[in-house]
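Working notes, beginning with the structure itself.
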Amino acid sequence: MPPGTAAPATAVLPVRRFDLAATLGSGQVFHWRTGHGGFVGLIDRTPVFLRQAAAGQLEVTPGAEGVASEYLALDHDLDAIVASFPADDTALARAVAYAPGLRLIRQPAWECLATFITSSLKQVPHISRISHTLRERHGDPVPLGEHVLWTYPSADAVARAGEEALRRCGLGYRAGFLASTARLVADGALDLSFLTDPAVSDDDALARLTAAPGVGPKIASCVLLFAGQRLGFFPIDVWIERTLRERYFPRRRKFPPGFLARFARRHFGPYRGYAQQFLFHHARTAGATAAG
DNA sequence: TCACAGGGGTAGT
DNA sequence: ACTACCCCTGTG
């Protein structure tokens with residue numbers, strides 16, 4: 001963002017129990033850039049500037065209030081969700097207290113699936129760079145003030161780009177996976193509308209997603225949680241696995257396959273996806289593995 | 001400057 | 001259950 005440029009115009013949206021920086025910076029999305037004391041990016045194809053200078057006020061590009069409210073899940077009843085967590089869980093309570101206004105972003109389906117395919121065995125800054133490279137080389141430009149933003153390339157665009165071009169975006173072995181899955185989506189063989197279809201069960205949805213190349217249980221869970229808004233999915237990555245082991249089973253040595261997933265289902269309740277996000281964000285940004 | 005290890009997993013054996 | 005996989009970054 002060039003220095004000295006005028007701050008974008010904004011409308012003010014009253015918010016409660018919402019933390020913009022935590023929400024955008026908790027490893028759910030990877031394309032927002034900071035600037036003018038806020039964040040600049042695209043919500044699907046809508047260019048948006050977001051700023052939260054005061055706790056109860058979210059500044060949004062005029063006209064994008066509705067899109068932003070939906071994306072940032074301002075309708076989620078966080079009080080009720082947190083109240084459903086086990087009352088005697090101090091580790092979770094600490095993670096919630098660390099970022100009480102953290103929300104699960106309602107993500108566009110293809111963008112979410114593709115981004116998480118590119119995320120395997122990668123750290124956040126690298127995922128972010130891949131996302132930007134893909135956008136700039138294969139997405140469409142969208143102006144916002146004097147800035148140019150780039151949409152996430154459609155499944156069709158990714159499929160047309162092909163594996164070699166994707167590899168040149170720094171995807172490594174993920175290029176083949178992304179190209180193949182993009183082809184499935186572009187051809188209609190994988191219609192992602194099932195993600196939010198209440199007639200499709202969680203188990204069925206999981207099976208359909210994991211049938212796609214490069215999509216295993218972890219990435220599928222992320223997509224079902226974020227893009228599908230199925231709040232009972234609990235993605236288990238190395239951070240969460242470490243946290244669960246240390247916090248809840250400090251003495252146990254053996255963890256059979258599925259053990260922690262079953263524990264999460266039993267312990268954290270119907271909104272365990274939120275519990276996972278609180279624990280994950282706390283573990284990653286508060287150095288909680290040692291002392292938190 | 002340059003090995004080397006390891007990182008928000010998945011697929012094939 | 002075990003291992004390779006591409007690429008990048010941090011470390012010595």
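Letters A, B, ... mirror the listed sequences (proteins, then strands); counts begin at 1. This structure is a prediction, so every number in the text was calculated from the model and none was measured.
Note that the first and last nucleotides of DNA chain B, 5' to 3', having any atom under 4.0 angstrom from a heavy atom of chain A are B:dG7 to B:dA11.
Side-chain contact between A:Tyr274 and A:Arg103 is present, with at least one heavy-atom pair separated by less than 4.5 Å. Here the side chains of A:Trp110 and A:Leu190 are not in contact, with every heavy-atom distance at 4.5 Å or above. Counting only heavy atoms from C-beta outward, the side chains of A:Arg245 and A:Arg252 never approach each other to under 4.5 Å.
Between A:Arg106 and A:Asp75, at least one side-chain N (NZ, or NE/NH1/NH2) sits under 4.0 Å from a carboxylate O, which counts as a salt bridge. In this structure, A:Arg135 pairs ionically with A:Glu111, as a charged nitrogen and a carboxylate oxygen lie closer than 4.0 Å.
A side chain to side chain contact (heavy atoms under 4.5 Å, CB included) with A:Gln276 is found for exactly one of A:Ile240, A:Thr243, A:Leu231, namely A:Ile240.
One N or O on the side chain of A:Gln52 and one on the backbone of A:Phe18 form a donor-acceptor pair closer than 3.5 Å.
Annotation: the span from A:Leu102 atom CG to A:Arg17 atom CZ amounts to 10.0 Å, rounded to 0.5 Å. Atom CG of A:Leu224 is separated from atom CG of A:Leu209 by 5.0 Å, given to the nearest 0.5 angstrom. A:Ile117 contributes atom CD1, which lies 11.5 Å from atom CZ of A:Arg174 (distance to the nearest 0.5 angstrom).
Ring orientation note: the planes of A:Trp32 and A:Tyr71 are tilted relative to one another, at an angle of 30° to 60°. In this structure, A:Tyr98 and A:His281 have tilted ring planes: the angle between them lies in the 30° to 60° band. Under the 30°/60° scheme for interplanar angles, the aromatic rings of A:His36 and A:His147 are found to be tilted.
In this structure, A:Phe280 places its CZ atom where more than 12 heavy-atom neighbours from other residues, nucleotides or ligands lie under 6.0 Å away.
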Expected list for residues 86-93 of chain A: side-chain donor-acceptor pairs under 3.5 angstrom, two or more places apart:
| residue | atom | partner | partner atom | Å |
| --- | --- | --- | --- | --- |
| A:Asp89 | OD1 | A:Ala91 | N | 3.2 |
| A:Asp89 | OD1 | A:Leu92 | N | 2.9 |
| A:Asp89 | OD1 | A:Tyr248 | OH | 3.1 |
| A:Asp89 | OD2 | A:Tyr248 | OH | 2.8 |
| A:Asp89 | OD2 | A:His267 | NE2 | 2.7 |

* **B/S/- contact track for nucleotides 1-12 of chain C, protein heavy atom under 4.0 Å** => S---BBBSS---

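A heavy-atom distance below 4.0 Å to DNA chain C is reached by none of the residues of residues 209-235 of chain A. Of all the residues in residues 272-281 of chain A, not one reaches under 4.0 Å from DNA chain C with any non-hydrogen atom.
Rounded to a whole angstrom, the distance from the P atom of B:dG8 to that of C:dT11 is 14 Å. Between C:dT3 and B:dA5, the distance separating the two P atoms is 16 Å to the nearest Å. A distance of about 22 Å separates the P atoms of B:dC2 and C:dC6, rounded to the whole Å.
Pairing analysis of DNA chain B (Watson-Crick: purine N1 to pyrimidine N3 plus N6-O4 or O6-N4; G-U wobble: N1-O2 and O6-N3; both under 3.5 Å) yields stems of 3 or more pairs at B:2-7 with C:7-12, B:9-13 with C:1-5.
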